[in-house]
Amino acid sequence: MRLLIAFLLSFLTASTVHAQAVFDYAKAYQDYEYNLSAYNTAYDDYKLAREQYLQFNTITAKDEAKAKTLVMLQTRDETVSTYLTALRMKIKETDGTTDAERESLYNRIDPEVKWYTDHKAKLDSAGTLEDLVSDSNEAKDHYNFTSLLIYDCLIQIISGKTANLRSMITANETDLKLIINVIRQNQDKDTSLMERALPDIEDKLARSADKDTQAINTNSPTTFTQSQSLIEDSYLYLKEANANLSEIVRQIESQ
Amino acid sequence: MKIKERIVFYWLKIKEYYWALSSRTRKLLVIAGGVLGFLLVLLLVASIVKSSLNQPVVKVVLPTPVITALPTPVELTNPSRYATDSAVLKLEGNLKDNETNLNNVDIKESDLYPPQLDFNINFP
C-alpha cells in the first residue's frame with residue numbers, strides 16, 4: 001500500500017514539474033489571447049450597462065454598471081499582465097538578445113506585471129462607481145509608462161532576430177576569408193576579385209548593425225513604425241550580404 | 001404622273017407585249033428567265049461560300065500553363081578543385097541555411113502588437 005501511495009505521489013510530482021516546465025511563449029501567448037477575448041466580452045457588457053445607466057439613471061442600472069465596469073477593469077488588468085508575460089517569454093526564446101539586455105527588460109517587466117496584479121486585486125474594494133472610475137484613471141496614467149516598456153520589448157525582439165542572423169553571416173564571412181587565404185597560398189586560382197568583394201560585404205554587415213542601433217536608440221511608442229522600418233533596412237542589408245557571400249562561394253567552386 | 005402609276009403603266013405594257021408574243025416565244029422567254037434566275041442564285045451562293053472561305057481563321061488562345069519555378073541546384077559546368085572541398089561545401093550549406101532563415105523570419109512580429117484597450121472610462 002505504501003509503495004502504491006509513493007508511486008502515485010511521485011507520478012503526481014513528475015506531472016506537476018512537467019506542467020511547470022512547458023510554460024513557454026506559446027502557452028503565455030495562449031493565456032494572453034484568452035484574457036484579451038474575455039476583456040472584449042466584458043467591454044461590450046460594460047458599454048451596454050453604461051448606456052442603460054446613462055439612459056435610465058436608476059439605482060439598479062447604476063449597480064449593474066458598477067458590476068460590469070468592475071469585471072471589465074479586472075479583465076483589462078489581466079490582459080495587460082498576461083501580454084507582458086508573453087513579451088517576457090518571447091524575449092527569453094528569441095536568439096540574438098544578450099543576457100544583459102534580457103535581464104534589463106525582465107527587471108522592468110516583472111514590477112509591471114506585479115503592478116497590474118495588485119491593481120486588479122485592489123479593484124474589489126471599490127465601493128462606488130466613482131471609485132472604479134478613479135482606479136481606471138490610475139491604470140490609464142500608469143499605462144503611459146507601460147507603453148514605453150512594451151515598445152522597448154518589441155524593438156528588442158525584432159532587432160534580436162536581425163542581430164542573430166548577422167552574427168551567423170559574420171561567422172560565415174570569417175570562414176570565407178580563411179578559405180580565400182588558403183586558395184591564395186595554393187596559387188591555383190585568382191582570388192583578387194573575391195577579395196575586392198569582401199569589404200563591400202563587411203560594409204553591409206556594419207550598416208545593418210548601425211540600423212539596428214539607430215532603431216533601438218530612437219524607439220518610442222510614437223516612433224515605433226520608423227524604428228521598425230530601420231530594422232527592415234537592416235534585414236535587407238543582411239540578405240544582400242548573404243547573397244554576395246554565396247556568389248563568392250560559387251566563384252570558388254568554378255574554374 | 002406619279003411613280004406608282006408609272007410602274008403600273010409599264011407593268012401593263014410589258015404584260016401586253018408578253019401576251020402579244022407567240023406561245024412558243026413565251027415558252028422560250030420563261031425558260032430563259034428561269035435559267036437566268038438559277039444562274040443568279042448560283043452566283044450568290046458561290047460568292048457567299050467564297051467570302052466565308054476567305055475569312056481569317058480565329059485561333060483560340062489557350063492559357064499557357066504556368067510553370068512554377070522550382071529552385072534548381074546550380075550545376076557547375078566547369079567545377080574547380082574546390083567544388084568538392086569539405087570546408088567550401090560546409091560554408092555553402094551554412095549560407096543556404098542563412099538564406100532559408102532570412103526568408104522565413106517574421107521581422108514585424110505583428111502578433112505581438114499591444115492590445116487595443118479602452119482606458120477612457122467615465123460616467124458623465
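Note that this is a predicted model, so its numbers are computed, not measured. So that the names make sense, note that chain A is the first sequence line, chain B the second, and so on, each numbered from 1.
- If you measure heavy-atom distances from A:Thr79 to chain B, the contacts under 4.5 Å come from the side chain alone.
- Scanning all heavy atoms of the two residues, the minimum distance from A:Gln228 to B:Lys108 falls at NE2-O, 3.5 Å.
- Heavy atoms of A:Leu238 lying under 4.5 Å from chain B belong to its backbone as well as its side chain.
- Against chain B, the residues from residues 169-181 of chain A that qualify, each with a non-hydrogen atom under 4.5 angstrom away, are A:Ile169, A:Asn172, A:Asp175, A:Leu176, A:Ile179 in number order.
- Interface remark: A:Ile252 contributes backbone and side-chain atoms alike to the contact with chain B (heavy atom separation under 4.5 Å).
- Of the possible polar contacts, one joining the A:Arg50 side chain to the B:Asn122 backbone as a donor-acceptor pair under 3.5 Å is found.
- The two atoms that bring B:Ser80 and A:Lys189 nearest to each other are CB-NZ, 4.4 Å, heavy atoms only.
- Using a 4.0 Å cut-off between a side-chain N of Lys or Arg and a carboxylate O of Asp or Glu, B:Glu92 and A:Arg250 do not qualify as a salt bridge.
- Applying the side-chain hydrogen bond (donor to acceptor under 3.5 Å, both in side chains) criterion to A:Lys239, with sequence neighbours excluded, gives B:Asn103.
- Residues forming a side-chain hydrogen bond (donor to acceptor under 3.5 Å, both in side chains) with A:Lys27 (at least two apart in sequence, or on another chain): A:Asp31.
- For the options A:Thr162, A:Ile150, A:Ile183, heavy-atom pairs under 4.5 Å to chain B are most numerous at A:Ile183.
- With a 4.5 angstrom heavy-atom cutoff, B:Val88 touches chain A via backbone and side-chain atoms both.
- At a 4.5 Å heavy-atom cutoff, the contact between B:Ile107 and chain A is made by backbone and side-chain atoms alike.
- Of all the listed residues (B:Asp85, B:Asp111, B:Asn101, B:Asn120), the one sharing the greatest number of non-hydrogen pairs under 4.5 Å with chain A is B:Asp111.
- Between A:Tyr46 and B:Ile121, some side-chain heavy-atom pair lies under the 4.5 Å cut-off.
- A side-chain donor-acceptor contact under 3.5 Å links A:Arg76 to the backbone of B:Asp118.
- Between the side chains of B:Tyr82 and A:Asp188, at least one donor N or O sits under 3.5 Å from an acceptor N or O.
- Minimum heavy-atom separation, A:Tyr143 to B:Pro115: OH-O, 4.3 Å.
- Rounding to the nearest 0.5 angstrom, the gap separating the CE atom in A:Met168 from the CG atom in B:Leu95 is 11.0 Å.
- Proximity to chain B at a heavy-atom threshold of 4.5 Å picks out A:Val133, A:Ser136, A:Asn137, A:Ala139 from residues 132-139 of chain A, in numerical order.
- The local environment of CZ in B:Phe119 is crowded, with over 12 non-hydrogen atoms from other residues, nucleotides or ligands closer than 6.0 Å.
- The two residues B:Asp106 and A:Lys161 make their nearest non-hydrogen contact at O-NZ, 3.1 Å.
- Proximity to chain B is limited to the side chain of A:Ile157, based on heavy atoms less than 4.5 angstrom apart.
- Contact of A:Ser147 with chain B is not made at all, since no heavy-atom distance falls under 4.5 Å.
- Formation of a donor-acceptor pair under 3.5 Å by the B:Tyr113 side chain with backbone atoms of A:Leu154 is not found in this model.
- Annotation for B:Phe123 and A:Ala65: closest pair CE2-CB, 4.0 Å, computed over non-hydrogen atoms.
- If you take CG on A:Asn242 and CD on B:Glu99, they are separated by 6.5 Å, rounding to the nearest 0.5 Å.
- Not a single donor-acceptor pair under 3.5 Å links the side chain of A:Tyr39 to the backbone N or O of B:Gln116.
- Heavy-atom neighbours of B:Leu12 CG from other residues, nucleotides or ligands within 6.0 Å: above the threshold of 12.
- In this structure, CG in B:Asn78 is found 13.0 Å from CD in A:Glu253, a value given to the nearest 0.5 Å.
- The line from CG of B:Asn98 to CG of A:Leu245 is 8.5 Å long, rounded to the nearest 0.5 Å.
- Atom-to-atom distance recorded for B:Leu112:CG and A:Tyr25:OH is 3.5 Å, nearest 0.5 angstrom.
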